[in-house]
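A short write-up of the structure that comes next.
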Amino acid sequence: MDQAKFSEDTAGKVITCRAAIAWTTNAPMSVEEVEVDPPKAGEVRIKVISSGICGSDNHALDGTFKVPLPVILGHEGAGVVESIGEGVSSVKPGDKVLMICVPQCRKCDSCLHAKGNCCLKEDIFSPVGLMLDGTSRFTCRGRKVYNFVGTSTFTEYTVMHEISVAKIDAAAPLEKVCLFSCAFPTGYGAALNTAQVTPGSTCVVFGLGGVGSAVVLGCKAAGAARIIGIDLNEGKFARAKALGVTDCLNPRNFKKPIQQVVMEMTGVGADFTFEVIGTIETMVAALESCNQSYGVCVIIGVAPAKSQLSFDPAKLLSDRTLKGCLLGEYKTRDCIPLLVDDYMKKKIDVDPLVTHKLPFIKINEGFELLRSGKCIRCILLF
Ligand code: COD
Ligand code: ZN
Ligand code: ZN
């Protein structure tokens, strides 16, 4: 059935479909029937085609990232617009889209600022898990189910605000480009936009998972001469080297702190360091691994709820820069479709990040692959 016809049949009606519900933390999700309401004004209902599984989904499931429950997780999705609510003008039924957890409302202070990308309509930092009108579009067994960071991609259909939906090239392969909704821009943009890695520089990437791998691709694209990759899981090293890492270090193989090892390897510290793990210890190590004068440290990982970063302020007085970034500082709806265009033109490649593909119903196996460190990115296909 073609997409336009499909939309005519379902537009304005509740859709019953399968979704993975996280009823509680630290337990498998259950794939069951949910009712997905039609989109209200400014909203879009999307048929999900693919979704990656990101470290942040796992952090929500293990409780380190606190979100309201029960919830439909997932925030790295690609799909096709099924129907639109009143006033939606940037997408129409049948359009291919990315589902992005950082909206771009184009009206708030951050969106109007030349550099701001942390739209004030985000639901990441103190998540309420509801649409902007304070209600939910998902019901399961008669109970309200919350959404996740305005996306919820672990479901056959989802409803999102138009401001979080990015229209992409109609020829884009939806089973692959979902990585442009999170892992790729988060890492690539951290290197290109936030750190502004320079040709010939030395970079250190703490954490060689999906997002860390995208940082490596960004450092390489910017012309870094040396890229040091740090991970406890040596199973990540071969792939990291194939992506451009020149030296791989496992902190457990050294008696001294890893920042001291980096200092000795580089003599003066790295030009750019990236924390892509999400622990306080590795954030401090990343800061102390960069050159004390011109070094730039970028924090990408989210530390466990309520933790505090503490370090000697002299580490900054010497001129170092400590920065953070969200989704690689891209203005999401404007810029991420352009990355997809570059992918279509073969200027950038996300395919090496995909190590596994599974049918959606095997979602818990996908999470197990991420937790066991066996995969970089596992893509769920619907
Ligand atoms: N030292 C070295 N390596 C470590 C350590 C450690 N102490 N602990 C874990 N690691 C390694 C793991 O072996 C793994 O290879 C890697 O760190 C983490 O990778 P993944 O694949 O588990 O996770 P990613 O790459 O999908 O996500 C990592 C983030 C830190 C980006 C993510 O968890 C996160 O905090 N995201 C929030 C930041 C953000 O911008 N979010 C936007 C939407 S996600
Ligand atoms: Zn993510
Ligand atoms: Zn905004």
Side-chain angles (χ1 to χ4, degrees), residues 51-62 64-65 73-77 99-113 116-122 124-125 148-151 153 161 163-164 178-187 189-190 194 204-216 229-237 239-240 248-253 257-258 274-286 298-304 324-334 353 355 367 369-378:
S51 177
I53 302 175
C54 175
S56 304
D57 297 311
N58 191 42
H59 287 167
L61 202 57
D62 72 19
T64 46
F65 177 19
L73 297 172
H75 64 282
E76 197 173 69
M99 292 164 246
I100 306 181
C101 65
V102 179
Q104 186 190 351
C105 76
R106 299 186 173 134
K107 289 179 186 155
C108 75
D109 167 68
S110 184
C111 286
L112 291 173
H113 189 278
N117 89 316
C118 186
C119 175
L120 298 180
K121 295 273 167 33
E122 55 76 23
I124 298 172
F125 294 107
F148 180 57
V149 294
T151 47
T153 60
H161 295 287
I163 58 173
S164 302
C178 57
L179 296 196
F180 284 98
S181 290
C182 179
F184 188 81
T186 299
T194 312
V204 185
V205 182
F206 286 77
L208 298 171
V211 182
S213 299
V215 174
V216 171
I230 298 177
D231 205 293
L232 296 174
N233 180 352
E234 294 186 19
K236 302 276 167 105
F237 291 174
R239 183 170 288 267
C248 287
L249 304 177
N250 178 353
R252 290 202 178 121
N253 292 342
I258 199 68
F274 300 87
E275 201 282 347
V276 209
I277 298 167
T279 75
I280 294 296
E281 296 72 30
T282 46
M283 289 176 188
V284 173
V298 181
I299 305 286
I300 300 164
V302 169
C325 70
L326 186 65
L327 233 76
E329 267 182 55
Y330 289 106
K331 285 189 182 285
T332 51
R333 285 201 289 157
D334 289 347
L353 304 188
T355 50
F367 270 75
L369 284 166
L370 180 72
R371 284 192 284 262
S372 64
K374 291 198 184 98
C375 79
I376 297 291
R377 264 301 190 264
C378 173

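Start at 1 and go down the list; that is how both ligands and their atoms are numbered. Numbering starts at 1 and runs along the sequence shown. Keep in mind it's a predicted model, so treat the numbers as computed, not measured.
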Option whose closest heavy atom lies nearest to atom 20 (P) of ligand 1, chosen from G373, G209, C375:
G209

Subset of ligand 1 atoms that lie under 4.0 Å from at least one heavy atom of R377:
26 (O)

Starting from atom 33 (O) of ligand 1, locate the nearest protein heavy atom and write down its residue, its atom name and how far away it is, to 0.1 Å.
H59 CE1, 3.0 Å

Atoms of ligand 1, numbered as shown, that sit under 4.0 Å from any heavy atom of I300:
37 (C), 38 (C), 39 (C), 40 (O)

To the nearest 0.5 Å, what is the distance between CG on L208 and CG on N233?
9.0 Å

Would you check whether K236 has a nitrogen or oxygen atom less than 3.5 angstrom from a nitrogen or oxygen atom of ligand 1?
yes

Atom 28 (C) of ligand 1: the protein heavy-atom neighbour that sits closest, reported with distance to 0.1 Å:
V276 O, 3.8 Å

Using a strict cut-off of 4.0 Å, indicate which atoms of ligand 1 neighbour a heavy atom of C182.
43 (C), 44 (S)

If you have a sec, work out which protein heavy atom is nearest atom 23 (O) of ligand 1 and how many Å separate them, to one decimal?
G55 CA, 3.9 Å

Would you give the angle at the Zn ion (ligand 3) between C119 atom SG and C108 atom SG, to the nearest 10°?
120°

Side-chain contact test, heavy atoms from C-beta onward, threshold under 4.5 Å: evaluate it for S56 versus H75 and give yes or no.
yes

Separation between OG of S110 and CG of L326, rounded to the nearest 0.5 Å:
9.0 Å

Vertex the Zn ion (ligand 2), ends H75/NE2 and C182/SG: angle to nearest 10° comes to 110°

Is there a side-chain contact between T355 and K374 (heavy atoms, below 4.5 Å)?
no

As an exercise, identify every atom of ligand 1 less than 4.0 angstrom from a heavy atom of G301.
30 (C), 35 (O)

For N250 and D231, run side chain to side chain contact (heavy atoms under 4.5 Å, CB included): C-alpha distance rounded to whole Å, both residues' side-chain angles, the deciding distance at 0.1 Å, then the answer.
CA-CA 5 Å; N250 178 353; D231 205 293; over 6 Å; no

Run I100 and R333 through side chain to side chain contact (heavy atoms under 4.5 Å, CB included) and show every step you take.
CA-CA 8 Å; I100 306 181; R333 285 201 289 157; 5.8 Å; no

Heavy-atom check, side chain of C101 versus side chain of I124, under 4.5 Å:
yes

Where the side chain of T151 meets the backbone of M99, is there a donor-acceptor pair that is under 3.5 Å apart?
no

For atom 22 (O) of ligand 1, the closest protein heavy atom turns out to be L370 CD1, 4.0 Å

Would you say V211 and R377 make side-chain contact, with heavy atoms under 4.5 Å?
yes

CD-CD1 distance between E275 and I299, expressed to the nearest 0.5 angstrom:
5.5 Å

Result for side-chain hydrogen bond (donor to acceptor under 3.5 Å, both in side chains) between E329 and one of T194, N117, T186 points to T194

Within the structure, is a non-hydrogen atom of E275 found at a distance of less than 4.0 Å from ligand 1?
no

C54 to ligand 1, any heavy atom closer than 4.0 Å
yes

Can you confirm whether or not the ring centre of F148 sits under 6.0 Å from the ring centre of F65?
yes

Angle at the Zn ion (ligand 3): provide the value between SG of C111 and SG of C105, rounding to 10 degrees.
110°

Do any N/O atoms on N233 end up under 3.5 angstrom from N/O atoms on ligand 1?
no

Less than 4.5 Å apart, any side-chain heavy atom of E76 and any of T153?
no

Starting from atom 1 (N) of ligand 1, which protein heavy atom do you reach first, and at what distance in Å?
L232 CG, 3.5 Å

Looking only at N/O atoms, are V302 and ligand 1 under 3.5 Å apart anywhere?
yes

Heavy-atom contact check, 4.0 Å cutoff: does R371 meet ligand 1?
no

Which option, V102, V205, V211, owns the non-hydrogen atom nearest atom 24 (P) of ligand 1?
V211

For ligand 1, the portion of I124 having any non-hydrogen atom under 4.0 Å away:
neither

Under 4.0 Å, heavy-atom basis, I'd like to know which part of E281 is in contact with ligand 1: side chain, backbone, both or neither.
neither

Report yes or no: does C101 have an N/O/S atom closer than 2.8 Å to the Zn ion (ligand 2)?
no

Is any side-chain heavy atom of K121 closer than 4.5 Å to a side-chain heavy atom of C108?
no

Is any N or O atom of I277, backbone or side chain, closer than 3.5 Å to an N or O atom of ligand 1?
no

Name the closest protein heavy atom to atom 42 (C) of ligand 1, giving the residue it belongs to and the distance to 0.1 Å.
L327 CD1, 4.1 Å

Would you say D231 has any N or O atom under 3.5 Å from an N or O of ligand 1, going by distance alone?
yes

Below the 3.5 angstrom mark, is there an N/O of G210, backbone or side chain, next to an N/O of ligand 1?
yes

Donor-acceptor pair, S181 side chain versus G77 backbone, under 3.5 Å?
yes

Just which atoms of ligand 1 are under 4.0 Å from any heavy atom in G207?
17 (O)

Answer yes or no for T279: is there a heavy-atom contact with ligand 1 below 4.0 Å?
no

Sub-4.5 Å side-chain heavy-atom contact between E234 and N253
yes

Going by the atom numbers of ligand 1, which of them fall below 4.0 Å from some non-hydrogen atom of S56?
32 (C), 33 (O), 34 (C), 36 (N), 37 (C), 44 (S)

Hey, what do you get for NZ (K107) to CD1 (I163), rounding to the nearest 0.5 Å?
8.5 Å

